[in-house]
There are 2 protein chains.
Amino acid sequence: MKPVTLKQIAEHLNISVTTVSKALKDYSDVSPKTKALVKELAKTLNYKPNAFAVNLRTKESKTIGLIIPVIVHHFFSNVIRGIISQAEKKGYLVIILQSNESYELEKKQIDLLMSQRVDGILISLANGTANFNHLNDVLAQDKPLVMFDKIAKIVKCSKVIIDDRKAAYMATKHLIDTGCKRIAHFRGALLPQNSIDRFLGYKKALLDNNMPYDPSLVYICQCDDMSFEEGKKNAQQLLKDHNDVDGIFINTDLVAIGALTEFNKQGVKVPEDISIVGFSNWFMSSVISPTLTTINQPGFEMGKVAFKQLYKEMKRIKKNKPVVYKEIVLETALVKRESTKK
Amino acid sequence: MKPVTLKQIAEHLNISVTTVSKALKDYSDVSPKTKALVKELAKTLNYKPNAFAVNLRTKESKTIGLIIPVIVHHFFSNVIRGIISQAEKKGYLVIILQSNESYELEKKQIDLLMSQRVDGILISLANGTANFNHLNDVLAQDKPLVMFDKIAKIVKCSKVIIDDRKAAYMATKHLIDTGCKRIAHFRGALLPQNSIDRFLGYKKALLDNNMPYDPSLVYICQCDDMSFEEGKKNAQQLLKDHNDVDGIFINTDLVAIGALTEFNKQGVKVPEDISIVGFSNWFMSSVISPTLTTINQPGFEMGKVAFKQLYKEMKRIKKNKPVVYKEIVLETALVKRESTKK
DNA sequence: TTTCGTACCGAAAACGTTTTCGAAATAAAC
DNA sequence: GTTTATTTCGAAAACGTTTTCGGTACGAAA
């Protein structure tokens, strides 16, 4: 019932544990004959090396940690899939933790992963994270860490992101190009770099095209579990505050769909009365009516690329070579649909 | 730079490794004085026990494995969240693997988890899984395994599920009660127990209410990544084949929304011309127009309950006590919305 | 014959814990 | 003063691997 060990194989064949170990790993100093014997017996006994012992000996677990603000999220769950698929190819397992957008939890989870001694960490920051000691500690201990999507520029490590500012600029520009004269913005929470960047892209597009920037047209939402409701609320508020707005660039598809639903309900025509551009290209955006113009954000690819970078760094560290941090920017694209005019 | 070990603390204080270890774990046979000394030094040196060594010694890793057919899925991602939240409370980490609805992959992943020596395994079966040796092997090695949602009745282990047959019966009955005379069913793939049960519930509701069961009204879909498209296709086919159908019970909300979209596009009025009941209560179902009547399937809770059961079994096994397998059935409910008549 | 090289094997240390068991030292009981 | 408890400590084994370093044995070269 108990798992088979090298020792048992050795005793069976009347040879030493050393030889068994070497035979299984095709060392050159064991004869073909004994190699064959060992391998055969190992197979029939269904020998599996004890991972705990191997980990202790080799000081690595072939496991990485992943901390993500939310799991139930079209974009993030795609990132997870990307990471896992790539990790599996390289023989790595991934432990997933959800920070729930909480800095405190994020800190604890980093600690947890460090004491579990994962080989590396992938993280997308919580909205509430403004202090980065926990991340710097990881790096200080020579543990590879790469951030993706929700990053902190200040932390010296690899990052894989999109150019949020540029994408937001594209989105807003598209509203301008299709005739919108007064454009609002539903932005994300205050801290995350990407909601800041999207806001800046929005603002720059306005100014570059001789349109005034009006802070009262910028609505904030936390983009958490309640995103959809936030979209509805902001839409209601917008209709009360500003009846002259004819275009909105919205931080996230989910919020955009909330707003869209509210407009549909109130009889506000999209795009005739108000045009909307979302962000993410969640597949639901192409299903809702009217279909949503949005920015395509490559979640699966981001996951893959993030793991690849982490993998490189893990290998470098293992060889005691210095790692060079990279900032990888993935391409985005505007996806034109029915929620904006031609 | 290297992590602190017990040995280093011991040398610092001129005591033995044994005492340090015991002091940190509050053994009764070490004096309060030395305990205080050890703990203080451990804190200042930021000592973290080497998980690899602890694992080897204790033969457990406080890690479980989770195999799931798809991650990017409203229901399953909620299950994941439920599992992780509960696991975290009990100090367990969870390694997630995606079987991609493939039996071969699932088998490999079970192997992977076993050689990684996780303390237990949670699994929702792939559609393609018809052979259960890989699962029985796990159980034969006294490793706790609990199945959820997509289960195999034949495997002797704990399961947490919903009563799919009853839920499907409720759904179909509701169509009948609201006046539908000819009711189709978009079912899931052939193998999974839950799509079988939902089909059986549909069939029984018809027969119990003196309505003929017509196999040509049952359409199959794989319910994989392409679910939405499958819904559209099946809807098209249905309109061609049977213009007298006035109600459909659909295996999954996503497929239902695909069908709904197609009906909207083709000018078929829902629920006036055709009523629809979905399954899952994905939040999008309350957003789409018309909103979708559906069965609420408690994903988050299912994850929690599944982990709790696994946890119990892991504790039993650790104490060498026999485990009793449970089949836990979670409650579902019909959620009435606009896609069915009053 | 001796010497050298090669092919094959194994003893032993190491990774960092946990835990058993006995020993020493002190305090309590007679 | 001797015996018995009680408190406090540590040596050592164990978990299962990996890897270093010597050591045989045997054939070939001298």
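Not measured: the values here are computed from a predicted model. All chains are named by letter (A, B, ...) in the order of the sequence lines, taking the proteins before the strands, and each is independently numbered beginning at 1.
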- Residue A:T19, side-chain atoms from C-beta onward, closest of D:dT17, C:dG10, D:dC9: C:dG10
- Message: What's the closest nucleotide to the side chain of B:V30 if the choices are C:dA11, D:dC9, C:dT19?
- Response: D:dC9
- Item | Test: A:D29 and A:K22 ion pair at under 4.0 Å | yes
- Message: Is it the case that the base of D:dG10 and the side chain of B:K22 share a donor-acceptor contact (distance under 3.5 Å, atom types as modelled)?
- Response: yes
- From the options D:dT17, C:dG16, C:dT19, select the nucleotide whose nearest atom is closest to the side chain of B:A53. C:dG16
- Roughly how many Å is it from NZ in B:K59 to P in C:dT19, rounded to a whole number? 12 Å
- Separation of D:dT17 P from A:N55 CG (nearest whole Å): 12 Å
- Query: Which of these nucleotides, C:dT19, D:dG16, D:dC9, is closest to any side-chain atom of B:S31?
  - Reply: D:dC9
- Item | Side-chain heavy atoms of B:M147 within contact of B:I161, under 4.5 Å | no
- Note on the structure: Against the side chain of B:N50, the closest entry in C:dC21, C:dG10, C:dT17 is C:dT17
- Message: For A:D26, is there an ion pair with A:K39 - N to carboxylate O distance below 4.0 angstrom?
- Response: yes
- What nucleotide among D:dG10, C:dG10, C:dT19 has an atom nearest to a side-chain atom of B:S21? C:dT19
- Message: Can you measure B:E60 atom CD to C:dT19 atom P for me and round it to whole angstrom units?
- Response: 10 Å
- Task: May I ask you to verify if any side-chain N or O of A:Y47 is less than 4.0 angstrom from the OP1 or OP2 atom of D:dT17?
- Result: yes
- Task: Taking only Lys NZ, Arg NE, NH1 and NH2, and the carboxylate oxygens of Asp or Glu, determine whether A:E313 and A:K326 approach each other closer than 4.0 Å.
- Result: no
- Message: Regarding D:dA12, can its base be found pairing with the side chain of B:T18 as donor and acceptor, where the two atoms are less than 3.5 Å apart?
- Response: yes
- Considering only D:dA11, D:dT20, C:dT19, which nucleotide approaches the side chain of B:K25 most closely? C:dT19
- Message: Between C1' on D:dA11 and CD1 on B:I15, what's the gap in Å once rounded to a whole number?
- Response: 15 Å
- Nearest to side-chain heavy atoms of B:D29, which nucleotide of C:dG10, D:dG10, D:dT17: D:dG10
- How are the rings of B:F75 and B:H73 set to each other: parallel, tilted or perpendicular (split at 30° and 60°)? perpendicular
